[in-house]
Amino acid sequence: DDPRDVLVDGSGLSASDRVTAGTLAASLRSMLSGPDAQSELALLPRVGVEGTVQYRSLAPDVLGRVRGKDGYIDGASGLAGFVETAHHGVVVYAFLVDDWQQGLDAVWNGEDEILAQIARM
């Protein structure tokens with residue numbers, strides 16, 4: 001219950017909606033603790049492979065180990081999901097970025113590199 005979170009509608013498309021990366025991560029963490037965690041993990045597309053996140057540029061050695069959902073609206077970009085790490089199990093991630101200076105491609109490239117590094121851990 002972060003006081004910075006504001007949900008105006010259920011679509012997530014309202015310009016008045018606000019949610020923190022911490023709130024997104026906490027929601028995803030709660031999925032991991034449920035009895036259907038494995039089947040719920042499989043609901044998210046594999047980053048760099050399928051769905052709207054298929055165009056992300058993950059390194060070949062980590063393809064299939066990062067799942068997520070992305071979104072973009074009015075200069076704000078979000079990506080959240082799960083990473084199956086090499087040695088530490090599944091971890092949650094959430095990126096929310098706006099007001100970038102180097103362009104959206106630079107933001108996505110940075111996120112993809114961070115996700116690859118996490119997957120290799």
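Quick note: residue numbers are just sequence positions, from 1. We use all heavy atoms of the structure for the numbers below, so side chains are in, but hydrogens, waters and symmetry mates are not.
Put simply, the side chain of Leu44 reaches to within 4.5 Å of the side chain of Lys69, judged on heavy atoms. Residues Val62 and Leu115 are not in side-chain contact: their nearest non-hydrogen atoms beyond the backbone lie 4.5 Å or more apart. A 4.5 Å side-chain heavy-atom check between Tyr72 and Leu104 finds at least one atom pair inside the cut-off.
The cluster map of Ile, Leu, Val, Met, Phe, Trp and Tyr, joined by side-chain heavy atoms under 4.5 Å apart, puts Leu79 and Leu28 in different clusters. No chain of hydrophobic side-chain contacts below 4.5 Å, direct or via other Ile, Leu, Val, Met, Phe, Trp or Tyr residues, connects Leu32 to Val83. Both Ile118 and Val49 belong to a single network of hydrophobic side chains, linked directly or stepwise wherever heavy atoms of I, L, V, M, F, W or Y lie under 4.5 Å apart.
Taking Thr20 as the reference, Asp2, Arg4, Asp5, Thr23 meet the side chain to side chain contact (heavy atoms under 4.5 Å, CB included) condition, with sequence neighbours excluded. Annotation: salt bridge (Lys or Arg N to Asp or Glu O under 4.0 Å) contacts of Arg65 (sequence neighbours excluded): none. Asp61 pairs by the side chain to side chain contact (heavy atoms under 4.5 Å, CB included) definition with Ala59, Arg120, not counting sequence neighbours. In this view, Thr52 and Asp70 satisfy the side chain to side chain donor-acceptor pair (under 3.5 Å) rule, not counting sequence neighbours.
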Atom pairs and distances, donor-acceptor, side-chain atoms in residues 88-101, under 3.5 Å, two or more places apart:
unit_1, atom_1, unit_2, atom_2, d
Tyr93, OH, Arg67, O, 2.9
Gln101, NE2, Asp99, O, 3.3

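Closest approach of Leu63 and Leu58 over heavy atoms only: CD2-CB, 3.9 Å.
For the atom pair CZ of Arg29 and CG of Leu24, the computed distance is 10.5 Å after rounding to the nearest 0.5 Å.
For residues 40-49, every residue pair satisfying the salt bridge (Lys or Arg N to Asp or Glu O under 4.0 Å) rule, not counting sequence neighbours, is listed here: Arg46-Glu50.
For the 3.5 Å distance criterion, the side chains of Trp108 and Ser57 fail to qualify, holding no donor opposite an acceptor.
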